[in-house]
There are 2 protein chains.
Amino acid sequence: MTAQRRGLGTNQEAVRRHNLGTVLRHVHGARQISRAQLTALMALNRSTIADLVLELESLGVVEQTVPTGVRSGAGRPSAGVRLAEVGPYVVAVDLGVDRAVVARVALGGDVVERATAPIPSGGGEAWQVGSTVAGLIRRVVEGAPAAAPLLGVGISVPGLVRRSDGLVRLAPNLEWRDVSFGSIVLAALGVDVPVQLANDADLGALAEHRRGAGLGIDDLIYISGNVGVGAGVITGGVRLEGAGGYAGEVGHLPFAPEGRLCHCGNVGCWETEVGAHAIAAAIGCPESDVVTLGDVLDEYAGPQRALGATGKALGYGLASIVNAFNPRLVVLGGYLSSLYALVRHEVDDALAERALPAPHESVTLSLPGLGSDSVLLGAAEIALEPLFADPVAALGTALVDVGARLAG
Amino acid sequence: MTAQRRGLGTNQEAVRRHNLGTVLRHVHGARQISRAQLTALMALNRSTIADLVLELESLGVVEQTVPTGVRSGAGRPSAGVRLAEVGPYVVAVDLGVDRAVVARVALGGDVVERATAPIPSGGGEAWQVGSTVAGLIRRVVEGAPAAAPLLGVGISVPGLVRRSDGLVRLAPNLEWRDVSFGSIVLAALGVDVPVQLANDADLGALAEHRRGAGLGIDDLIYISGNVGVGAGVITGGVRLEGAGGYAGEVGHLPFAPEGRLCHCGNVGCWETEVGAHAIAAAIGCPESDVVTLGDVLDEYAGPQRALGATGKALGYGLASIVNAFNPRLVVLGGYLSSLYALVRHEVDDALAERALPAPHESVTLSLPGLGSDSVLLGAAEIALEPLFADPVAALGTALVDVGARLAG
DNA sequence: GCCTTTCGTTCACCCGCACAACAAATCCCG
DNA sequence: CGGGATTTGTTGTGCGGGTGAACGAAAGGC
């Protein structure tokens, strides 16, 4: 495996922080890894790795195990490093247009507990949704060991989220505009923990990159089909955010100048062809089921022909995306995964027809490796991010004995 | 000014390399900077900066000056750091569709010498162009001091360049396909120096970011109008390359499904509306002048109306780009800068009409800050890049006494 | 059963940056 | 005009953190 020497620092404190975080990132990614593997991955000395692991162990984040049974080749077996039994965790929130999913996610990415509640159609007032979410958070946090620190909350929002402060600029399907949803949830909870908000497609991309279909692929795009259509872009291994954090709004790329009116005010946006409302209309699905279009499509048994044009439109739009971003992988999430399963042929053909040969030859379309949990796990990942940037600092500010605090 | 602590390293050798490179990058950017400013910019200790500068001085890259006359406030004046009189340099090549421009560019970004030669229409065989370019390189290198080291050659190509090895996959207006132009030039030169190739739009973006209209702006796009239309994207301060290096091919975004046939085989690409051929047709400019469309437009005195639709098409296309990438700045390069000067109003209006409010409110359109030299200077920048990554290593492999070697 | 291989552990070492103390150069104010 | 305040250069010391060598431990292979 190739040495990982990405980026550089300015002084040796920063080096230590980074290396500590990188070790933890590897353990988080692999769940179980040997110290020998870590030395190879990080191109550091054996003794350095030993010391780093020791420090993480004393922080209560990882545990060392006796050499695992799985052996390969000669030599003394290497000590294993795994996540601590009672380790830090985060709360992940996936805000959909019809329901909120909240999960307690351990370092390592396992969903330990999960709770769901419906959201009234049209979203409802943000403070109502906020108190619903706060209730769900209380529920999933309840069972956590008192000693386990809560690192933060990650929230996925189906809309435009400003990078600088997490303000929800616009969430069309919730009918929100300039809502500070993070503060609302915190106020309803009555505690102060770090909260990260981001767009659902961005988080889907993040999760698929870290743990899903995009493992090891540094240039990928996750297209979220969630009433509206958006893209999360990872390029060179990092999230493409853009100046304000709004990059990837591909739903409003022009598609059919003579087409339908889009809610954004323009005519013929891509979303008017491959958005949930358009597809529902094509297959005669009632308006009320649009929010669960994925399930509808999974059980769709109507004529293939009804979706042919949609598949073609999907492929043409993907061609634009492939030309613009040159990804190695495009993951079709949300209801688009169900759609793709039905009309894969049309999509592939349309993509091949419109994409330039050079970017097309290296791109693959795929379904999410994490199923419908991509976005939720992505929300967990952003909440974990500070831990990897600086484990000592993140654990220092983490909240312990959370159950009692939230009950009181 | 905010401290610059971007990225982190893995060990202290890397820290040293990075800090050395960062100091040099700052001197390169400012040409003249005080050690006190460097300590503030890099958040390092005075003594550390002094040591770093000393090392760069002993490498022959920078010189320390007595405190400059420009004073501000009390206190002992700080020693200046400037580029060495006889310092390292690079050769930049801007390959256009009708001419090649070659320049000797010193560290600091000054064009010391420049030479130009026409390229036969249709490009001609790559080896012919290669030997033309090699001849120009000999010419600009001739006058360089024998002691000055040549760090490398940067070449801008109007087409798709594979990131991994610099292969020119496709350059439609040169009629090239899978040409290893770097090796061709090196063979014609008869020496072995590091050669970097990249797409012209990418290099325009790089140069405008480092020294032009995009100084200090970390999310910008340079749109190159150079017969075809392409975009170079910088996001988060780094070049967006994509999996193969082909990201930013916006010329073939779908625009008018019922429109003209594009050379890429599709119908209604954006390029068929705002490409040089389309504009030439709109203003009745003869085919033979298409390659110098910028000059034609600068002297255009015909009816404004002829370009109105083009301006609108430009604005609509930019809206897609703004939605997709969310840049803070869009620089219109090549003939697009001449076009924008003529139809600014139409472009701005069309952009405002189609772009989403959130990304639109923070974006600005502008002309290149470096005039027609953006791409050339971008080619110089990629050639300099290894120097900033590791000054010691780059200078170790640099070529000295180049004039004699190339003559022989 | 011995050799080889691989890894953990320990310790001395080196490198690079921080910090403190002092000197130098300039501004400011009386 | 002269002394304090301010800012920076210079020098020497100290510390943190990764390296590397030496040795022991735990496996596989013949």
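In what follows, chains are A, B, ... by sequence order, proteins preceding strands, each numbered from 1.
Atom P of nucleotide dC19(C) and atom CG of D51(B) are separated by 16 Å, given to the nearest angstrom. Look at CG on L54(B): it is 13 Å from C1' on dT11(D), rounded to the nearest Å. When rounded to the nearest whole Å, the span between CG of L56(B) and P of dG16(C) equals 13 Å. For the pair M42(B) CE and dG16(C) P, the computed distance is 14 Å after rounding to whole Å. The nearest whole Å value for the distance from the CD atom in Q64(A) to the C1' atom in dT9(C) is 12 Å. Counting to the nearest Å, the P atom of dC7(C) and the CD1 atom of I33(A) are 13 Å from each other.
Counting heavy atoms from C-beta on, the side chains of N45(B) and T39(B) never come closer than 4.5 Å.
Nearest to the side chain of A36(B), among dG18(D), dT8(D), dT6(D), sits dT8(D).
Remark: N19(A) is not in phosphate contact with dG17(D), judged by side-chain N or O atoms under 4.0 Å from OP1 or OP2. Between dT6(D) and R76(B), no contact under 4.0 Å exists linking OP1 or OP2 to a side-chain N or O. OP1 or OP2 of dG9(D) has at least one side-chain nitrogen or oxygen of S78(B) nearer than 4.0 Å. For R35(A) and dT9(C), the shortest distance from a side-chain N or O to OP1 or OP2 is below 4.0 Å.
Along DNA chain C, the nucleotide closest to R46(B) and the one closest to Q37(A) are compared, and the more 5′ of them pairs with Q37(A).
Judged purely by distance below 3.5 Å, without hydrogens or angles, the side chains of Q64(A) and R82(A) never pair a donor atom with an acceptor atom. Between the side chains of S34(A) and Q37(A), at least one donor-acceptor pair of N or O atoms lies under 3.5 Å.
Ion pairing of E385(A) with R25(A) is present here, as a side-chain N (NZ or NE/NH1/NH2) and a carboxylate O approach within less than 4.0 Å.
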